[in-house]
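This report refers to the structure that appears directly beneath it.
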Amino acid sequence: MGVSQMPVAEGKSVQQTVEILTRKLEMLGAEKQGTFSVDCETYHTAASTLGSQGQAGKLMYVMHNSEYPLSCFALFENGPCLIADTNFDVLMVKLKGFFQSAKASKIETRGTRYQYCDFLVKVGTVTMGPSARGISVEVEYCPCVVASDCWSLLLEFLQSFLGSHTPGAPAVFGNRHDAVYGPADTMVQYMELFNKIRKQQQVPVAGIR
Amino acid sequence: MEAPPVTMMPYLLQRSVLDHSLESLIHRLRGPCDNVEPETFLDHEMVFLLKGQQASPFVLRAPCSMDRAGSPWHVRSLGQSEMRNKNCHALVQNCVDIATSENFTDFLMEMGFHMDYEFVAKGHLFRNGIMEIVVYKIYCILVPGNTDNTEAQSFSYLEELSVVAPPGLDMVSDAMRNFAEQLKPLVQLQKLDPKRLL
């Protein structure tokens, strides 16, 4: 339900901060329940297609989430989010003359899933190529599908292990206070997180003095 | 993430029958087909094009059911058809079928596709094992987007016999040809080269 970025602790590396966070979760009583991954590939409209459309090139994000292994998510920033089956990747291969993958654009987050009572927490290391660029934290309150009904509870739970780094309500909730929360909302949050991390400078390697 | 390989392709035989032969054809099909009532269907199909500097635009077809609420939406991309194999009695086409959420038309527009044309298809679906036999009539939509206001495009029904199977299996096309023999002389299903129709 909520996806946010955890800042890297001062003087620590990405991996060390992830270990601190996961240790806090384990001390709370959360149990490890396998791993997760979310990846994102960026495509831009090929120049050959632009001229015929008379519009500026757009960026299209094609994402996958291990929670939904048979699905593929395609979205535009501030635009619609399409949920399709994995044959969408085959379609993108066929469309390579019209949409080209941006160079070195693949970004992904991988990490461990934790279950704490009705909460599902996923702490992941965000990487672009070989370099670790940040930390993602996703928290889901499983019994509830209307985000506004459980946001206060989520906030309280987040504070118990994120402390002062607890984020505000995600922009994706917007005016949709009573709307049913779905996988597309999660993917929009990951897309925004990845874009934010892409713009940040690379995390300096800590611990080398 | 690597794209999954496409391993199944539709084999196709097609022909048409005049309206007055429809009842005879349906009666003939009931014999060799599975012993269940044929399904009827009413589909609204939209065809989208994406133009670029390539010689031919990219075409996507998006059929959706009008009479079955809750049916999944899907988008279909038809690729090159294989005509050169003389041992194969059916048209084999590269086809990618993608199940999507309901907002795919908005998404395709965002990608740069525009709708080229749309039509309504109404007919019957028969099955014989893995073979599907579809007999349907095409209706033109007189006012774009209004599927209630349609007009039959011709005085005939299109019949298609199709099997989805791995490519290169001549025995599949042989089985299709043997089935098609049973429908002669009412209808003579053939391997039609789509390029020759243009």
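Naming convention: chains lettered A, B, ... in sequence-line order (proteins, then strands); numbering from 1 in each chain. In this text the structure is predicted, and so the values were computed from the model without any measurement.
- For the pair B/Ser101 and A/Cys81, the tightest heavy-atom approach, listed with the atom from each and the gap, is OG-O, 4.3 Å.
- The closest side-chain heavy-atom distance from A/Lys94 to B/Asn94 is below 4.5 Å.
- Enclosure of atom CD in B/Glu181 by more than 12 non-hydrogen atoms of other residues, nucleotides or ligands within 6.0 angstrom is indicated.
- A/Phe76 and B/Phe107 have tilted rings, their planes meeting at an angle from 30° to 60° on a 0 to 90° scale.
- Using modelled atom types, one side-chain atom of A/Asn87 and one backbone atom of B/Asp97 make a donor-acceptor pair closer than 3.5 Å.
- Heavy atoms of other residues, nucleotides or ligands lying less than 6.0 angstrom from NZ of B/Lys122 number 12 at most.
- With values rounded to the nearest 0.5 angstrom, A/Phe88 atom CZ is found 7.0 Å from B/Ile98 atom CD1.
- In the displayed structure, A/Glu31 atom CD is contacted under 6.0 Å by at most 12 heavy atoms of other residues, nucleotides or ligands.
- Under the 4.5 Å side-chain criterion, counting only non-hydrogen atoms from C-beta, A/Leu82 is not in contact with B/Asp106.
- Across all their heavy atoms, A/Leu91 and B/Leu60 have their closest contact at CD1-CD2, 3.8 Å.
- Counting heavy atoms from C-beta on, the side chains of A/Phe99 and B/Met111 come closer than 4.5 Å.
- Taking the side chain as every heavy atom from C-beta outward, A/Ile83 and B/Phe104 never approach each other to under 4.5 Å.
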